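Since the structure comes first, as structure tokens, the remarks are kept for the end.
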Amino acid sequence: MKSSLRFRFLYVVIILSTLSGCSFTGKFNESIVSAGAASWKIQPLAVRQSYPEWFQSVYLTAEMQTSEIKSWQLYVLSDETLNDIAHLAYAEIRYREGKETKVHEFPLYLVQTQLPDDEHKGYRYTYQFGNETDGFYSNYLTRRFSYQVSPIDVHYLQPYFRSDQIKTNTISVEYGILPEYGPKTVGELMRSMFHLRQKDWQKFCQDPVYIYSKSTACGDVKITEMDNRIF
């Protein structure tokens, strides 16, 4: 057990170096992170969750950076029914290339709707990306592990709707980037990513791009400016 733990700590050091920019080659970097994530996933969930939080966050970040984007889930929790608007959703994938933020838009597909019941007061809509992301994501991973671009800002992922009838104050968003771990609020998601720094938190809390509640990450934040690209 002790030797296994020492091995995992060594792998953490290697993964940290790889994710933070100590470059070998793109494919080799991707192989290191993928292998680390795979060795982590074969352990029972209860065992994974028994490690210190910082330790878990390294492997969770590795998992997120190598997971299949079409397995990611976004959950929209709404006090009111979205009706046909629920089928008009899309999301923007954001990352940085140098000092420039790149934004790519893809449709979101509604895969499940849960109506209010005794346990849930509101409506719950589950969304996933479709095949449109295939070519983009494969190319992105190659560039990511060659350190040409930054990690995807998954905490900025949010459903936009092509409608002016959406009331953002009646909606909250939860994340199933790794559905096995259950839904996470945006604050929980951000705390599970080891590479986010204080400046990333400050930027997120001040940035009007995120249009839904940030309270789980930032406290009681008021958005005073609306991003004119959301509708």
Side-chain angles (χ1 to χ4, degrees), residues 15 18-19 26-27 29-42 45 48 56-57 59-78 82 84-97 101-114 123-146 148-162 171-186 188-190 192-193 195-196 209-212 229-230:
I15 292 175
T18 305
L19 292 178
K27 283 297 181 184
N29 287 332
E30 186 174 354
S31 298
I32 290 174
V33 178
S34 296
S39 71
W40 174 254
K41 288 188 68 174
I42 62 174
L45 183 59
R48 281 175 267 166
Q56 293 183 52
S57 71
Y59 279 102
L60 285 171
T61 302
E63 274 196 73
M64 281 189 271
Q65 291 198 20
T66 55
S67 60
E68 171 52 58
I69 193 171
K70 289 189 293 187
S71 70
W72 296 1
Q73 294 182 345
L74 290 176
Y75 310 108
V76 171
L77 286 65
S78 176
L82 299 183
D84 293 341
I85 297 174
H87 298 279
L88 304 177
Y90 68 98
E92 294 177 343
I93 294 177
R94 306 170 66 89
Y95 59 88
R96 290 176 302 285
E97 184 173 354
T101 298
K102 299 290 186 178
V103 180
H104 298 265
E105 179 184 312
F106 294 100
L108 287 173
Y109 292 93
L110 181 63
V111 296
Q112 186 178 26
T113 301
Q114 291 178 254
Y123 298 81
R124 186 181 184 88
Y125 301 88
T126 301
Y127 291 93
Q128 288 183 286
F129 288 108
N131 294 332
E132 295 88 350
T133 60
D134 286 348
F136 158 79
Y137 196 57
S138 175
N139 180 60
Y140 165 81
L141 286 179
T142 299
R143 301 185 67 210
R144 165 68 190 114
F145 288 106
S146 296
Q148 299 176 38
V149 296
S150 72
I152 289 174
D153 294 328
V154 294
H155 52 300
Y156 276 95
L157 273 179
Q158 57 190 317
Y160 295 110
F161 295 90
R162 302 187 191 282
I171 291 176
S172 60
V173 179
E174 292 182 347
Y175 296 83
I177 304 301
L178 300 172
E180 179 184 10
Y181 294 91
K184 294 181 181 295
T185 64
V186 68
E188 291 169 334
L189 177 68
M190 292 176 70
S192 71
M193 296 187 290
H195 64 287
L196 294 183
V209 168
Y210 195 89
I211 63 174
Y212 301 105
R229 295 177 298 102
I230 65 174

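Just so you know, residue 1 is the first one in the sequence shown, and it goes up from there. Just so you know, these numbers come straight off a predicted model, no measurement behind them. All values below come from the heavy atoms of this structure, side chains included, with hydrogens, waters and symmetry mates left out.
- No side-chain heavy atom of Leu157 sits less than 4.5 Å from a side-chain heavy atom of Tyr210.
- Arg94 has its side chain out of reach of Lys102: every pair of non-hydrogen atoms, C-beta onward, lies at least 4.5 Å apart.
- Residues Tyr75 and Gln114 bring no donor and acceptor atom of their side chains to less than 3.5 Å of each other.
- Counting only heavy atoms from C-beta outward, the side chains of Asp134 and Phe136 never approach each other to under 4.5 Å.
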Applying side-chain hydrogen bond (donor to acceptor under 3.5 Å, both in side chains), run through Gln56 and Tyr181 and close with a yes or a no. CA-CA 12 Å; Gln56 293 183 52; Tyr181 294 91; over 6 Å; no

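- Looking at Glu97 and Arg144, no side-chain N of the basic residue comes within less than 4.0 Å of a carboxylate O on the acidic one, giving no salt bridge.
- In this structure, Tyr137 and Ile152 have side chains that are in contact, with non-hydrogen atoms separated by less than 4.5 Å.
- Every residue meeting the ring pair (Phe, Tyr, Trp, His ring centres under 6.0 Å) condition with Tyr140, not counting sequence neighbours, appears here in chain and number order: Tyr95.
- The number of heavy atoms from other shown groups lying within 6.0 Å of CG (Asp84) does not exceed 12.
- Here His195 pairs with nothing under the ring pair (Phe, Tyr, Trp, His ring centres under 6.0 Å) rule; sequence neighbours left out.
- When side chains are defined from C-beta on, Arg96 counts as touching Asp153, because their heavy atoms get closer than 4.5 Å.
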Please determine whether ring-ring contact (aromatic ring centres under 6.0 Å, His included) holds for the pair Tyr90 and Phe161, giving the CA-CA distance in whole Å, both sets of side-chain angles, and the decisive distance to 0.1 Å. CA-CA 6 Å; Tyr90 68 98; Phe161 295 90; 8.4 Å; no

Go through Gln158 and Tyr160 one step at a time and tell me if the side-chain hydrogen bond (donor to acceptor under 3.5 Å, both in side chains) criterion holds. CA-CA 6 Å; Gln158 57 190 317; Tyr160 295 110; 3.1 Å; yes

